[in-house]
2 protein chains.
Amino acid sequence: MSRKRMKKVEKMDGTAGQDRQEAERSPRMEARRAAILEAAAEVFFEMGFERANLGAIVRRSGGSLSTLYQLFGNKEGLFEAMVTERCTDVMKALAEPDVPLRDPCTTLCGIAHAFMGVILRPDAQGLWRIIMSEGIKFPSLPEVYFREGPDKLIAHLSEYLVVLHRAGVADVPNPMDAARSFCMLVHSDLYYRVVTGMQPVPDDAALADHIRGAVAMFWRIIMPAGGGKTCHPDDISPSRG
Amino acid sequence: MSRKRMKKVEKMDGTAGQDRQEAERSPRMEARRAAILEAAAEVFFEMGFERANLGAIVRRSGGSLSTLYQLFGNKEGLFEAMVTERCTDVMKALAEPDVPLRDPCTTLCGIAHAFMGVILRPDAQGLWRIIMSEGIKFPSLPEVYFREGPDKLIAHLSEYLVVLHRAGVADVPNPMDAARSFCMLVHSDLYYRVVTGMQPVPDDAALADHIRGAVAMFWRIIMPAGGGKTCHPDDISPSRG
DNA sequence: GTGATAATGTAATCAGCGTTACAGTTTGGC
DNA sequence: GCCAAACTGTAACGCTGATTACATTATCAC
């Protein structure tokens with residue numbers, strides 16, 4: 001092990017694992033790069049870092065192994081580049097969920113649907129597995145994942161909760177903690193069971209039901225003391241909680 | 001790939017990956033088995049399934065590679081045996097948390113402390129990473145993990161919530177969902193950040209603070225309509241929620 | 001066109017590691 | 001003590017896969 005590592009460190013110098021950022025890249029190379037990243041995502045998400053092999057990635061992307069090494073340095077570099085790119089890409093929909101402002105529970109349901117819609121996507125599930133298992137070996141990955149994903153959603157959601165609080169329709173002394181809890185209640189352990197393959201991705205009806213239950217609980221957390229006149233009863237399943 | 005797999009399947013027959021269960025095992029072998037499982041846990045938890053190598057495990061356990069193969073068949077068999085054993089072992093403390101029955105919030109804080117105490121242990125974190133990443137390839141593992149861990153805690157906790165509900169001190173129409181939500185609020189995304197190495201394990205004070213906040217939120221979910229006279233205000237940090 | 005440069009395809013290198021074979025050693029019943 | 005069976009240690013075997021070397025081909029400014 002030591003010999004190979006040494007060699008690699010010498011070679012990569014300070015830019016180990018970094019995608020080369022030299023000025024302009026030719027458009028042809030840019031296309032290669034995108035294709036390789038796409039193929040890498042498929043393979044890494046399906047197999048995990050160790051089981052994935054570069055041959056399979058090259059076969060799918062159609063390019064050549066040499067190009068891959070020129071662009072990404074080595075397997076780890078490709079891996080980090082792919083995960084980083086996917087994190088910002090997949091989570092884009094989380095930062096600015098396109099949800100109509102209606103009564104609070106309807107809006108919260110909308111946000112929850114957007115949230116679940118993103119994290120249940122196959123590539124988001126793949127990201128999750130990789131972040132959980134490889135986070136220790138690649139510390140930059142969870143960093144990016146949380147910054148681009150959960151943290152952005154939490155910031156956005158907590159802004160909304162502040163609005164509710166100021167308007168007096170909800171009681172949210174600590175909006176960040178409340179937003180965090182919202183996410184936990186919504187993805188619930190359902191997400192773990194889906195990601196591990198114990199359960200299939202729920203269909204729309206089941207998902208809607210689950211979300212109604214989660215939002216109902218969350219509403220009880222932030223509901224003002226007098227009870228929530230602003231929350232339409234129809235949006236809250238009475239059989240949950 | 002096909003050749004090797006074929007060979008393995010032929011060899012292992014119907015008992016692939018199964019620990020041999022023939023009648024009595026000699027006490028010497030039993031000791032070997034325990035030592036190998038212990039070493040395997042260390043190595044697998046540190047490296048993950050693929051990166052782990054059997055040589056390192058044998059070196060730590062002190063036995064011989066032959067014995068390992070006799071006992072566990074192959075790497076996968078050892079892995080599955082180790083994870084299965086650890087799941088039932090680590091989670092034992094979850095099934096019957098030894099928590100004094102006091103006012104609800106104090107009791108819930110006690111349960112939460114027991115919960116976090118278990119899942120923050122280094123081997124429990126290792127289990128989590130492995131279940132998340134290898135669950136798809138080894139479907140029996142998440143099965144065991146959830147059955148022995150979360151499900152037992154949820155069952156136990158929901159019994160307690162039923163008691164509260166019947167006594168009229170809490171409003172819990174669906175105790176299973178409520179128990180599930182309790183776990184989510186308690187481990188929170190804090191757990192993700194610890195498991196991925198983004199944050200260190202919180203010290204006692206920070207943990208207690210976190211748990212107070214989580215229990216306070218949970219209490220608002222199950223609090224009866226009139227408000228909770230049964231919950232000591234001292235147990236609930238007012239700055240959270 | 002033409003030559004310098006960039007990009008590709010292929011094959012070789014090289015180490016790591018799961019697995020197996022086998023020869024030696026210990027154990028426990030008689 | 002002795003012998004079958006269980007156990008151990010070591011050294012191969014074979015394969016996979018990351019990495020590199022190199023010869024070939026495309027690109028583009030002039």
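Quick note on labels: first sequence line is chain A, next is B, and so on, each numbered from 1.
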Between CD1 of A:I36 and C1' of C:dG9 the distance, given in whole Å, is 13 Å
If I take atom CD in residue B:E76 and atom C1' in nucleotide C:dT19, what distance separates them, rounded to the nearest angstrom? 13 Å
Ranking C:dT8, D:dA18, D:dA11 by distance to the side chain of A:Y69, first place goes to D:dA18
Nearest-nucleotide 5' precedence on DNA chain D, B:G62 against A:L65: B:G62
Mind calculating the distance between CG (B:L78) and C1' (C:dC17) to the nearest angstrom? 15 Å
Less than 4.0 Å between a side-chain N and a carboxylate O, is that true for A:R193 and B:D151? yes
Rounded distance (Å) that lies between atom P of D:dT8 and atom CG of B:L71: 8 Å
Rounded distance (Å) that lies between atom P of C:dG16 and atom CZ of B:R51: 16 Å
When rounded to whole Å, the CZ to P distance for the pair A:F49 and D:dG17 reads 13 Å
For a quick test of reading the model: is some side-chain N or O of B:N74 closer than 4.0 Å to OP1 or OP2 of C:dG18? no
Would you indicate which nucleotide in C:dC22, C:dG9, D:dT20 comes nearest to any side-chain atom of B:S66? C:dC22
Would you indicate, yes or no, if C:dA7 has its OP1 or OP2 atom less than 4.0 angstrom from a side-chain nitrogen or oxygen of A:T67? no
Does B:D89 come within less than 4.0 Å of B:R86, counting only side-chain N to carboxylate O? no
Count the heavy atoms of every other residue, nucleotide or ligand shown that sit under 6.0 Å from CG of B:D203, and state whether that count exceeds 12. yes
Any base atoms under 4.0 Å from B:A56, or only sugar-phosphate, or nothing? Heavy atoms, all strands. nothing
Nearest whole Å is fine: how far is C:dC17 P from B:R59 CZ? 9 Å
Whole-Å gap separating P (D:dT20) and NZ (A:K75): 14 Å
Kindly point out which of C:dC17, D:dT19, C:dT8 is positioned nearest to the side chain of A:Q70? C:dT8
Closest heavy-atom pair, B:F182 versus B:A112, reported as atoms and distance to 0.1 Å, is CZ-CB, 3.9 Å
Correct closest heavy-atom pair for A:M217 and A:L185 would be CB-CD1, 4.3 Å
